[in-house]
Amino acid sequence: MRRSVLAGPVLDVAPKLLGTVLRSTSDEGAVAVRLTEVEAYDGPNDPGSHAYRGQTPRNAVMFGPPGFLYVYFTYGMHFCMNVVVGPENKPSAVLLRAGEIIEGVELARIRRGQPAPQKSVLNQVRPGPVNKRPAADPDRDLARGPARLCVALGIGREGNGADLLAKDSPIRLLDGPGYDGVPSTGPRVGLREAADRAWRFWIPNDPTVSPYRPHVPKKRS
DNA sequence: GGAAAGATTTTCT
DNA sequence: GAAAATCTTTCCT
């Protein structure tokens, strides 16, 4: 992945990230995911962006050069991560929402608190009802959703500001072909502002894409 | 200075 | 389907 690829307008760059591989390494091991779902956030022009109202300590990385990781903490318990794109001082970023684990599945399961799949003989011998849908692969959910993606890759606050393009970085966007089909598009998940903008991109029919949830206003007391 | 909402996930009913 | 968990920023008094 070349930095110049990430320097363009966020709506051009975001779909290009689909199918590319994000890999994190630590002393625990390595986990890599193939990105299947992203959302574009266009800095000062986008009421849904963290950078819409200017720079704060939290979003400072968005105001830097492209190719760095912006990690934020939300809902008091979750981390989400973005790839910073666009020219400096144009704080655009791409939220990484979901991916398919292609390396380090065992470590990802441990981080997500999932037991290893049981290879029970009983489950193979006993046929299920004919009309019942096959059970969903539990590994499908390991990185299905932005906070789950961070957990699976072991990314937290310390990942903020990581250089995704440096060869010695613990978190890297790897070279390689991305998704070459036509991405699906739709409104971004969970946003109150600018819900009309179809700035979410995903790989069609991929099971690891997170389910769409519209914004639900909290009741006031 | 305080209240409210949030680019979410899990668990329970 | 609804509620809880609980940090950071924003907005309003």
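Labels below follow one simple rule: chain letters A, B, ... track the order of the sequence lines, proteins then strands, and each chain is numbered from 1. Given the structure is predicted, the values throughout are model-derived calculations rather than measurements. All values below were derived from every heavy atom in this structure, side-chain atoms included, with hydrogens, water molecules and symmetry-related copies excluded.
Proximity of A:Arg192 to the phosphate of B:dA5: no side-chain N or O atom is located under 4.0 Å from OP1 or OP2. Taking side-chain N and O atoms only, A:Arg112 has no distance below 4.0 Å to OP1 or OP2 of B:dT9.
For A:Asn45, the side-chain hydrogen bond (donor to acceptor under 3.5 Å, both in side chains) partners are A:Asp42, not counting sequence neighbours. A search for ring pair (Phe, Tyr, Trp, His ring centres under 6.0 Å) contacts involving A:Tyr72 returns A:His50, A:Tyr70, not counting sequence neighbours.
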Dot-bracket for DNA chain C, 5' to 3', Watson-Crick and G-U pairs with both distances under 3.5 Å, [ ] for crossing pairs, | for partner on another strand, reads |||||.||||||.

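Contacts of residues 144-162 of chain A with DNA chain B (heavy atom under 4.0 Å): A:Gly145, A:Pro146, A:Ala147, A:Arg148. Within residues 39-49 of chain A, the residues that place at least one heavy atom under 4.0 Å from DNA chain B are, in residue-number order, A:Tyr41, A:Gly48. DNA chain B lies under 4.0 Å from no heavy atom of any residue of residues 54-67 of chain A.
In this structure, A:Val21 shares a hydrophobic cluster with A:Ile102, A:Leu174, the cluster being traced through Ile, Leu, Val, Met, Phe, Trp and Tyr side chains under 4.5 angstrom apart. Other residues sharing a hydrophobic cluster with A:Ile110 under the 4.5 Å side-chain heavy-atom criterion for ILVMFWY residues do not exist; the residue is a singleton.
Taking the P atom of each, C:dA4 and B:dA4 are spaced 16 Å apart, rounded to whole Å.
Residue A:Tyr72 places its side chain closer to B:dA7 than to any other of B:dG6, C:dT8, B:dA7. For A:Arg213, whose side chain is taken as the heavy atoms from C-beta onward, the closest listed nucleotide among B:dA7, C:dT8, B:dT8 is B:dT8. The side chain of A:Arg53 lies closest to C:dT10, out of C:dT10, B:dG6, B:dA7.
Inter-residue side-chain proximity for A:Val84 and A:Val61 is flagged as met; some heavy-atom pair is nearer than 4.5 Å.
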Would you list the atom pairs, donor with acceptor, under 3.5 Å between side chains in residues 176-185 of chain A and any protein atom, with sequence neighbours excluded?
none

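Residue pairs meeting the side chain to side chain donor-acceptor pair (under 3.5 Å) criterion with at least one member in residues 188-198 of chain A, sequence neighbours excluded, are A:Asp46-A:Arg188. Applying the side chain to side chain donor-acceptor pair (under 3.5 Å) definition to pairs two or more places apart or across chains, those involving residues 15-25 of chain A are A:Arg23-A:Glu103.
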Between protein and nucleotides 11-13 of chain B, what N or O pairs are separated by less than 3.5 Å?
none

